[in-house]
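In this chain, residues are counted from 1 in sequence order.
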Amino acid sequence: MNRPTASGPNPLSQTLRASEAAWRRQDFQLSIKLLERATKINPADPCVYLDLGRAQGLRYDYAAAERSFEKAIRASNGHVQSYIAAGLHCFNFGQHEKAEVYFKRGWQHHARSAPVMVELAGVLERRQNLEPAADLIGRALELDHDHPPALLVQARIERGRGRLEKAEAILRQLFQLRRAEIQTQVHAWYELGGILDRQKRFDEAMAAFLAAKKLLQPEAVKFIEQRPRLRAGLQLLQDQITAADLQRWQAAGARLQPARSIALMCGHPRSGTTLLEQVLDAHPGVISAEETSIFTTDAWQPLGRSFSEDAASLDILNAATEVALRQSRSNYFNYTEKFLGQPVGRRLLIDKNPAMNPFIPAFARVFPEAKLMVAIRDPRDVCLSCFMQPLAVNQVSCAYLNLADTGAQYASVMGFWKALQPRLSQPSLEIRYEELVADLESVARRTLDFLGLPWDEKVLQFSEHARSKIIRSPTYAEASKPIFKTAIGRWRNYQKYLEPALEHLEPFVKMFGYEPS
């Protein structure tokens with residue numbers, strides 16, 4: 001089943017090109033309308049329905065996305081690839097349970113399709129259903145004994161069972177296959193690095209991570225080229241914004257009633273935000289939204305649409321009208337509730353996103369009533385963990401391709417926070433990962449008190465609550481487990497490799513009171 005090309009003079013390709021252009025400039029409504037038009041131009045083309053469903057899902061209209069995916073399946077006469085594509089789209093916009101449904105349906109209709117078995121097994125493995133996942137992978141490998149994605153999922157299952165040597169052997173087998181695609185190889189190298197790390201084979205682990213980074217380098221070039229401009233913009237905002245700006249915005253918040261019960265949880269990726277979120281989300285008075293782009297896409301970016309692309313963030317924030325701010329607030333809660341699949345009601349909404357540090361001023365402008373939680377962790381452990389995570393390449397993660405750039409990225413993001421902190425009018429709380437791990441109850445009590453919430457014992461059983469929900473963080477396997485302390489001081493195992501990052505990190509090591517290198 002081939003995707004329609006978006007080139008040539010025919011009406012379908014012209015409409016698809018126009019839709020792509022509208023999506024790039026974030027006119028999502030127009031983009032979806034154009035895709036709907038494309039389905040009328042060629043109602044027999046399943047790929048157009050799949051594109052429409054993907055767009056609808058990314059805009060949190062999951063019911064409409066499902067209708068489009070069903071049309072794609074019918075248009076393809078139940079082709080296995082239509083089930084796989086629908087499932088992958090659902091997975092990518094956070095509907096993991098619906099993804100599982102599509103993969104299961106694909107398997108039911110195509111019992112001898114190794115690819116659909118692998119996708120279903122991957123979802124089951126992510127949800128820690130290891131035995132049925134292993135059974136599926138065994139069947140897939142009977143059909144195609146050297147199927148690279150199947151071997152990758154099989155290795156993850158064996159790692160989940162604690163069979164590290166067997167997992168390593170499977171990955172070594174995968175690397176010998178010429179048919180393995182680049183992304184499969186990348187994930188396999190990351191997986192091997194994690195396995196070797198657990199076996200305390202640290203030099204070999206670092207070699208595996210570096211092999212993954214090398215494969216990602218070509219894909220990252222376009223993002224790396226953008227980094228100087230983005231860092232310069234953040235530095236300009238840091239230099240320009242004043243306590244008077246923030247005080248004025250908070251005073252103006254009285255005109256943005258009704259006040260919302262909301263808190264932002266940020267810091268730096270791999271600083272413990274996922275653990276903290278799982279603890280707080282177990283409280284009956286809390287509902288959390290995990291790592292969405294809703295604020296940046298639907299609250300912040302609309303404020304700057306009348307400005308040039310290189311306009312200063314502070315100019316945009318100062319120029320925001322009450323009407324525009326009200327619309328941003330409405331957009332945010334509307335799309336967040338769609339994402340969550342339920343109303344927030346009277347609960348405290350926690351927007352957990354460790355990449356949100358640069359947007360703290362924008363959040364303060366749109367939600368002056370918000371409280372702010374910033375996760376703190378030993379900067380060396382943070383940077384090592386960022387380096388070791390199998391993240392999709394984007395404007396942030398492109399900095400994690402080498403440790404020197406990882407350290408520079410940390411310094412930029414956390415330097416911005418420490419410069420902004422004394423100027424803030426909003427209440428803020430730094431929460432140290434090491435303290436949370438050492439004394440969960442004490443830190444949880446202090447945090448709930450800061451948020452104005454009563455104590456509830458359920459937060460101490462957060463791992464049980466986490467097993468009942470979908471976790472979108474890359475650390476999904478650890479998030480549903482009880483607290484463990486093995487990640488503290490992990491950087492020492494890789495100290496010689498961290499040397500290029502230390503010049504950026506040492507000021508923060510000292511600032512946060514960690515033991516010097």
Chemist: What do the steps show when you test K71 against L52 for side-chain contact (heavy atoms from CB on, under 4.5 Å), and what is the final call?
Modeler: CA-CA 10 Å; K71 291 177 181 178; L52 175 59; over 6 Å; no
Chemist: Quick one: pull up CG in D61 and CD in E66 and give me the separation to the nearest 0.5 Å.
Modeler: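 So the CG of D61 and the CD of E66 are separated by 11.0 Å.
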Chemist: Mind listing the closest non-hydrogen atom pair of A155 and A167 along with its distance?
Modeler: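 Closest approach of A155 to A167: O-CB, 3.4 Å.
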Chemist: List the steps and the verdict of side-chain contact (heavy atoms from CB on, under 4.5 Å) for I137 and M117.
Modeler: CA-CA 7 Å; I137 287 298; M117 289 185 198; over 6 Å; no
Chemist: To the closest 0.5 Å, what do you measure between CD (E70) and OG (S68)?
Modeler: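 It is 10.0 Å, given to the nearest 0.5 Å.
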Chemist: So does R172 have more than 12 non-hydrogen atoms from other groups sitting under 6.0 Å from CZ?
Modeler: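 Enclosed: over 12 neighbouring heavy atoms sit under 6.0 Å from CZ of R172.
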Chemist: Could you report the tightest heavy-atom contact between A134 and R161, atom names first, then the distance?
Modeler: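 So the two residues come closest at CB-NH2, 3.3 Å.
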Chemist: Using modelled atom types and a 3.5 Å cut-off, is there a donor and acceptor pairing between side-chain atoms of S328 and backbone atoms of A324?
Modeler: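 Answer holds: yes.
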Chemist: Mark yes or no: K213 above the aromatic ring of F387, with NZ or CZ under 6.0 Å from the six-membered ring centre and no more than 45 degrees from the axis.
Modeler: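 Yes, K213 sits over the ring of F387.
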Chemist: Nearest 0.5 angstrom please: I350 CD1 to M265 CE, how far?
Modeler: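 One finds 4.5 Å between CD1 of I350 and CE of M265.
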Chemist: Okay, side chain of R329, backbone of V366: is any donor-acceptor separation there less than 3.5 Å?
Modeler: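 Confirmed, R329 side chain pairs with V366 backbone.
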Chemist: Flag the pair Y83 / F103 as yes when at least one side-chain heavy-atom distance between them is below 4.5 Å, and no otherwise.
Modeler: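 SC-SC contact between Y83 and F103 ruled out.
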Chemist: After noting the C-alpha distance and the side-chain angles of L12 and D45, does the key distance pass the side-chain contact (heavy atoms from CB on, under 4.5 Å) rule?
Modeler: CA-CA 10 Å; L12 179 60; D45 193 328; 4.1 Å; yes
Chemist: Without hydrogens or angle criteria, can the side chains of N331 and Q327 be said to hold a donor-acceptor pair below 3.5 Å?
Modeler: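 Yes, because at least one side-chain N or O of N331 sits under 3.5 Å from a partner of the opposite role on Q327.
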Chemist: Walk me through it: do R59 and D298 pass the test salt bridge (charged side-chain N to carboxylate O under 4.0 Å, His left out)?
Modeler: CA-CA 10 Å; R59 298 307 297 152; D298 297 292; 2.4 Å; yes
Chemist: Check whether H110 reaches the backbone of G106 with its side chain - one donor and one acceptor, N or O, closer than 3.5 Å.
Modeler: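 Not confirmed, H110 side chain does not pair with G106 backbone.
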Chemist: Between Y49 and P43 (side chain of the first, backbone of the second, donor and acceptor by atom type, cut-off under 3.5 Å), is there such a pair?
Modeler: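 The answer is yes, because a donor-acceptor pair under 3.5 Å joins these two groups.
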Chemist: Is the ring centre of F367 less than 6.0 Å from the ring centre of Y332?
Modeler: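 Ring-ring flag for F367/Y332: true, centres closer than 6.0 Å.
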Chemist: State the SG-CD1 distance between C398 and I224, to the nearest 0.5 angstrom.
Modeler: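 One finds 5.5 Å between SG of C398 and CD1 of I224.
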Chemist: Looking only at non-hydrogen atoms, find the nearest pair between C386 and P269 and report the distance.
Modeler: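 Where C386 meets P269 most closely, the heavy atoms are SG-O, 3.3 Å.
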Chemist: May I ask you to test the D146-D144 pair for a side-chain heavy-atom distance under 4.5 Å?
Modeler: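 Result yes, sub-4.5 Å side-chain heavy-atom pair found.
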Chemist: Is it true that Q409 and R227 share a donor-acceptor pair across their side chains at a distance under 3.5 Å?
Modeler: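 Looking only at side-chain atoms, Q409 and R227 do form a donor-acceptor pair, the distance falling under 3.5 Å.
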Chemist: Would K40 and E36 satisfy salt bridge (charged side-chain N to carboxylate O under 4.0 Å, His left out), going step by step from the backbone distance to the final call?
Modeler: CA-CA 7 Å; K40 293 178 173 61; E36 290 171 342; 5.9 Å; no
Chemist: Is it the case that more than 12 heavy atoms not belonging to E322 sit under 6.0 Å from its CD atom?
Modeler: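 More than 12 heavy atoms, drawn from other residues, nucleotides or ligands, come within 6.0 Å of this atom.
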Chemist: Can you check whether E100 reaches K104 side chain to side chain, under 4.5 Å on heavy atoms?
Modeler: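 They are in contact (side-chain heavy atoms under 4.5 Å apart), so the answer is yes.
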Chemist: Which heavy atom of V48 sits nearest to which heavy atom of L35, and what is that distance?
Modeler: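 Result for this residue pair: CG1-O, 3.9 Å.
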Chemist: Are E142 and R112 close enough for a salt bridge, meaning some N to O gap below 4.0 Å?
Modeler: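 Salt bridge between E142 and R112, a charged N being under 4.0 Å from a carboxylate O: no.
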Chemist: Counting only N and O atoms by type, is there a donor-acceptor contact under 3.5 Å from the side chain of N92 to the main-chain atoms of L88?
Modeler: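 Judged by distance alone, yes, a pair lies under 3.5 Å.
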Chemist: Is it true that atom CZ of R179 has more than 12 heavy atoms of other residues, nucleotides or ligands lying nearer than 6.0 Å?
Modeler: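 Yes, enclosed.
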Chemist: Indicate yes or no for a side-chain donor-acceptor contact from R365 to the backbone of A320 under 3.5 Å, with no hydrogens or angles considered.
Modeler: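 Yes, because the side chain of R365 sits within donor-acceptor range (under 3.5 Å) of the backbone of A320.
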Chemist: Please check if the distance between the ring centroids of F209 and W189 is under 6.0 Å.
Modeler: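 So the answer is no for these two rings.
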Chemist: Please tell me if the side chains of R139 and W107 come closer than 4.5 Å, counting only heavy atoms from C-beta onward.
Modeler: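 Side-chain contact under 4.5 Å: yes.
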Chemist: Side-chain contact test, heavy atoms from C-beta onward, threshold under 4.5 Å: evaluate it for L151 versus P148 and give yes or no.
Modeler: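 No - every pair of side-chain heavy atoms lies 4.5 Å or more apart.
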Chemist: Please walk me through it: do E290 and D281 pass side-chain contact (heavy atoms from CB on, under 4.5 Å)?
Modeler: CA-CA 10 Å; E290 181 190 8; D281 190 61; over 6 Å; no
Chemist: For R231, does the CZ atom sit with more than 12 other heavy atoms under 6.0 Å from it, leaving out its own atoms?
Modeler: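 Yes, because the 6.0 Å sphere around CZ of R231 holds more than 12 heavy atoms from other groups.
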Chemist: Distance from Q342 atom CD to T336 atom OG1, nearest 0.5 Å?
Modeler: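 So the gap between those two atoms works out to 12.0 Å.
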Chemist: Give a yes or no answer on whether the side chain of R159 reaches the backbone of E191 with a donor-acceptor pair at less than 3.5 Å.
Modeler: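 Judged by distance alone, no pair lies under 3.5 Å.
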Chemist: Are there more than 12 heavy atoms of other residues, nucleotides or ligands under 6.0 Å from atom CD of E181?
Modeler: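 Incorrect, the count does not exceed 12.
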Chemist: Heavy atoms, side chains only, cut-off 4.5 Å: are R260 and V344 in contact?
Modeler: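 They are not in contact (no side-chain heavy atoms under 4.5 Å apart), so the answer is no.
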Chemist: Would you say N129's side chain and P132's backbone share a donor-acceptor pair under 3.5 angstrom?
Modeler: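 No, N129 side chain to P132 backbone: no donor-acceptor pair under 3.5 Å.
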Chemist: Are the side chain of S293 and the backbone N or O of T296 linked by a donor-acceptor pair below 3.5 Å?
Modeler: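 It does not hold such a pair.
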Chemist: Nearest 0.5 Å, what's the CG-CZ distance between L58 and F28?
Modeler: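 Here the rounded value is 8.5 Å.
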Chemist: If you look at every heavy atom in H147 and P115, which pair is closest and at what distance?
Modeler: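 Residues H147 and P115, closest heavy atoms: NE2-CG, 4.2 Å.
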Chemist: Are any of the side-chain heavy atoms of Y60 and N334 separated by less than 4.5 Å?
Modeler: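 In short, these two side chains do not touch, never coming nearer than 4.5 Å.
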Chemist: Determine whether a donor-acceptor pair (N or O, by modelled atom type, separation under 3.5 Å) exists between the side chain of T184 and the backbone of A180.
Modeler: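 Answer holds: no.
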Chemist: So which heavy atom on L141 is nearest to which on A150, and how close?
Modeler: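 Heavy atoms only, the tightest pair is CD2-CB, 3.7 Å.
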Chemist: Is R54 close to L50 at the side-chain level, that is, under 4.5 Å between some pair of heavy atoms?
Modeler: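 Heavy-atom side-chain distance check fails, nothing below 4.5 Å.
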